[in-house]
Amino acid sequence: INSVINILPQILRLFCAILLFLCYNLPCNKLNIGQARSMAANNKNDKMLTGSITSSIILFSLPIMLGNLFQKLYNTVDAVVVGQLLTDEDLAAISIGTPLMDVMYALIIGACIGISVIISQAYGAKDWSKLKHTLSTALIGGCAATLVLCILCSVFIRPILELQGADAAAADKAASYLAVIIYGLIITFLYNLFSSALRAVGDSRTPCISLILAFFLNTALNLLFVIVFKSGLAGTAYATVISQAFSAWICIRAIYKRQPFMALRRGDFKFSRAVGFSILKFSWAGALQQTVVNVGRMITQSFLYALPIHIVSGYNMAIRIEALHFCLIQGVSAALVTFLAQNVGAKHFDRIRRGVFSAELISLVMCTFSALMFTLFAPQIISIFSPSQDIIDAGATYLRTMAFSYLLAASCELTQSFYRGIGRIHLTVIVSISQIVTRVVFSYLLVPIFGITGICYSIMIGWILMFLFSGGYTLHTLRKQF
């Protein structure tokens with residue numbers, strides 16, 4: 001068993017190599033442009049361009065919501081297994097390491113958001129050559145960039161943990177957990193790239209199915225590594241990465257089997273400098289925006305380290321539940337981005353305003369339901385992670401304080417989607433930086449006075465300012481251009 005555990009990093013690298021090899025060599029039917037156009041014209045995913053707006057957004061977003069929930073449950077399962085089967089110190093270590101992991105994931109996810117906008121616009125315009133060039137260039141450039149990210153993270157992970165103020169024991173455990181996550185970043189990129197490409201052309205079900213299956217695999221592997229192999233905290237990370245590899249493989253297979261008009265054959269693997277600059281224009285903003293948000297959360301959390309460790313753990317358990325709630329909002333948000341980008345590409349400008357207001361209504365209904373659940377059942381929800389009453393009290397305090405502010409957060413999220421969908425991703429960076437700076441400054445001022453509720457107040461203030469600016473600008477743009 002110890003020998004197996006010691007070679008797991010090499011096994012993960014082999015997974016990466018196999019995925020890239022299979023992606024490069026998978027067979028698919030060669031289509032000419034006429035066949036591709038005919039296939040896409042008959043594609044039922046074109047409902048985004050012609051069908052009922054509200055039902056199209058709901059039906060497209062449901063698989064994304066479900067998939068997002070299961071993706072978040074990856075890490076939630078890690079926390080539950082660690083909290084119930086390992087020690088409080090292990091739970092604190094995973095709480096400390098999670099924000100850094102989120103930053104790494106944010107760079108990849110943000111870049112893939114930008115790539116998906118270009119693919120959606122090309123699909124809406126039926127520009128098959130641009131679609132394939134975009135996917136090929138994104139794959140080659142993204143893999144190279146992810147390898148650089150792996151190297152940088154490996155070098156700087158321990159100094160960053162120390163800068164956060166974590167004690168040596170917790171930092172050691174968090175570093176061992178994050179080391180495995182870093183080995184698997186290339187797998188994370190492959191999954192996000194191909195799942196984003198599928199959603200960009202209207203297939204939100206395949207990524208959802210892949211995540212559901214991977215979740216059950218992750219749960220089984222967590223129990224295997226922790227209970228049978230006794231691999232501790234690192235075992236939960238191994239389970240997460242291997243499960244991501246499985247979900248990436250499903251998405252790659254789906255493209256080659258069911259979406260051959262965008263499948264890459266050997267002759268298609270080319271890096272286009274012009275397309276690369278276009279991708280960079282969109283993806284840098286998405287990556288920076290996602291990273292800024294997560295770095296801000298990491299800095300905000302560091303203000304809690306002066307408080308008792310049960311508050312840190314309670315806060316992190318609460319934001320895991322909060323993340324599950326945001327999966328629902330982000331599902332509508334992702335559907336709105338695809339809807340807007342495809343209709344911009346097809347020049348169906350009359351559908352854009354109605355799409356924005358439909359998405360707002362859907363999100364507000366969901367947020368009201370979540371707010372009521374958090375207000376009434378917060379302690380019971382937090383107790384899933386830990387039997388410690390101190391941790392339960394801290395987490396419940398956060399959820400109840402934040403509950404109805406999520407209505408405001410939903411509107412802010414959808415205005416960000418509006419910017420992405422119409423191709424103005426740089427505006428999301430400006431708004432996000434302003435909101436995060438506000439959050440950090442007020443957390444620094446309020447946490448010493450109010451404790452965990454000080455973070456709640458600082459987040460609310462940031463959302464209010466974000467809503468006033470981005471909401472007003474969105475309404476102005478809709479009136480002037482659409």
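No hydrogens, no waters, no symmetry mates; every other heavy atom, side chains included, goes into these values.
- Scanning for ring pair (Phe, Tyr, Trp, His ring centres under 6.0 Å) contacts around Phe326 gives Tyr406, with sequence neighbours left out.
- When atom types are taken as modelled, the side chain of Ser458 and the backbone of Ile455 share a donor-acceptor pair closer than 3.5 angstrom.
- The backbone N or O of Thr240 lies less than 3.5 Å from a partner atom in the side chain of Asn218, making a donor-acceptor pair.
- Summarising the geometry of Ile181 relative to Ala237, their closest heavy-atom pair is CD1-CB, 4.0 Å, with the distance given to 0.1 Å.
- Remark: the backbone N or O of Gly462 is not paired with any side-chain donor or acceptor of Arg439 at under 3.5 angstrom.
- Considering all non-hydrogen atoms of both residues, Ile255 and Met262 come closest at CG1-CE, 3.8 Å.
- The CD1 atom of Ile94 sits 7.5 Å away from atom CE of Met317, with the distance rounded to the nearest 0.5 Å.
- Residues Thr54 and Ser358 have side chains that bring a donor and an acceptor to within less than 3.5 angstrom of each other.
- Under 3.5 Å, the side chains of Ser432 and Gln416 contain a donor-acceptor pair of N or O atoms.
- Residues Met104 and Cys153 meet the side-chain proximity criterion, which asks for heavy atoms closer than 4.5 Å.
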Open item on the list: I'd like to know whether Tyr191 forms a side-chain contact (heavy atoms from CB on, under 4.5 Å) with Leu211, so could you lay out the CA-CA distance, the side-chain angles of the two residues, the decisive distance to 0.1 Å, and finally the verdict.
Closed with: CA-CA 10 Å; Tyr191 166 73; Leu211 287 170; 3.1 Å; yes

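- Of the options Ile464, Ile459, Ile461, a side chain to side chain contact (heavy atoms under 4.5 Å, CB included) to Thr438 is made by Ile461 and by none of the others.
- In terms of modelled atom types and a separation under 3.5 Å, the side chain of Asn343 and the main chain of Phe339 share a donor-acceptor contact.
- Checking side-chain atoms of Thr415 against main-chain N and O of Thr474 turns up no donor-acceptor pair under 3.5 Å.
- Proximity of a side-chain donor or acceptor of Thr338 to a complementary backbone N or O of Ala335 within less than 3.5 Å is not detected.
- Between Trp249 and Ser210 there is no side-chain heavy-atom pair separated by less than 4.5 Å.
- The two atoms that bring Ser363 and Ile329 nearest to each other are O-CD1, 4.0 Å, heavy atoms only.
- Met65 CE to Ser333 OG: the interatomic distance, rounded to the nearest 0.5 Å, is 10.5 Å.
- Summarising the geometry, atom OH belonging to Tyr123 is positioned 5.0 Å from atom CZ belonging to Phe261; distances are rounded to the nearest 0.5 Å.
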TODO: Test Leu213 against Leu217 for side-chain contact (heavy atoms from CB on, under 4.5 Å), laying out the working first.
DONE: CA-CA 6 Å; Leu213 295 176; Leu217 176 62; over 6 Å; no

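- Looking only at distances, no side-chain donor or acceptor of Thr134 sits under 3.5 Å from a matching main-chain atom of Ile119.
- Nearest heavy-atom pair, Gly421 versus Val344, reported as atom, atom and distance to 0.1 Å: O-CG2, 4.1 Å.
- Under a 3.5 Å cut-off, the side chain of Ser247 and the backbone N or O of Gln244 do form a donor-acceptor pair.
- Of the inter-residue distances, the one linking Leu233 atom CG with Phe225 atom CZ reads 13.5 Å to the nearest 0.5 angstrom.
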Open item on the list: For Lys126 and Leu131: C-alpha separation, side-chain torsions, deciding distance, then whether side-chain contact (heavy atoms from CB on, under 4.5 Å) applies.
Closed with: CA-CA 9 Å; Lys126 310 305 179 189; Leu131 193 155; over 6 Å; no

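- Between the side chains of His133 and Ser272, not a single donor N or O lies within less than 3.5 Å of an accepting N or O.
- To the nearest 0.5 angstrom, Ile140 atom CD1 is 8.5 Å from Leu264 atom CG.
- Contact check for Thr477 versus Tyr419: no side-chain heavy atoms found under the 4.5 Å cut-off.
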- [ ] Before giving the answer on side-chain contact (heavy atoms from CB on, under 4.5 Å), spell out for Phe269 and Leu139 the whole-Å C-alpha distance, their side-chain angles and the decisive distance to 0.1 Å.
- [x] CA-CA 9 Å; Phe269 281 83; Leu139 178 61; 3.3 Å; yes

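- Residue pairs satisfying the salt bridge (charged side-chain N to carboxylate O under 4.0 Å, His left out) criterion with at least one member in residues 140-159, sequence neighbours excluded, are listed as follows: Arg158-Glu162, Arg158-Asp172.
- The two residues Ile299 and Val440 come nearest to each other via the heavy atoms CG2-CG1, 3.8 Å.
- Within the 4.5 Å cutoff, the side chain of Phe215 has no heavy atoms near those of the Ser243 side chain.
- For the pair Phe70 and Cys327, the minimum side-chain heavy-atom distance is 4.5 Å or more.
- Taking CG from Leu100 and CG from Leu178, the interatomic distance works out to 6.0 Å, rounded to the nearest 0.5 Å.
- Thr188 has its side chain out of reach of Val241: every pair of non-hydrogen atoms, C-beta onward, lies at least 4.5 Å apart.
- A donor-acceptor contact shorter than 3.5 Å links the side chain of Ser204 to the backbone of Phe60.
- Gln342 and Ser120 form no side-chain donor-acceptor contact under 3.5 Å, judged by distance and modelled atom types alone.
- In this structure, Phe156 places its CZ atom where only 12 or fewer heavy-atom neighbours from other residues, nucleotides or ligands lie under 6.0 Å away.
- For the pair Ile352 and Phe418, the minimum side-chain heavy-atom distance is below 4.5 Å.
- Nearest heavy atom pair, residue Gly355 against residue Leu336, reads O-CD1, 3.6 Å.
- Between Ser417 and Leu340, the closest side-chain pair of non-hydrogen atoms is not below 4.5 Å.
- In this pair, Phe469 and Tyr473 present their aromatic rings parallel. The plane angle is below 30°, not in the 30 to 60° band.
- Under 3.5 Å, the side chains of Thr206 and Asp203 contain a donor-acceptor pair of N or O atoms.
- Annotation: cation-pi geometry not satisfied between Lys173 and Tyr177 (NZ/CZ under 6.0 angstrom from ring centroid, within 45° of ring axis).
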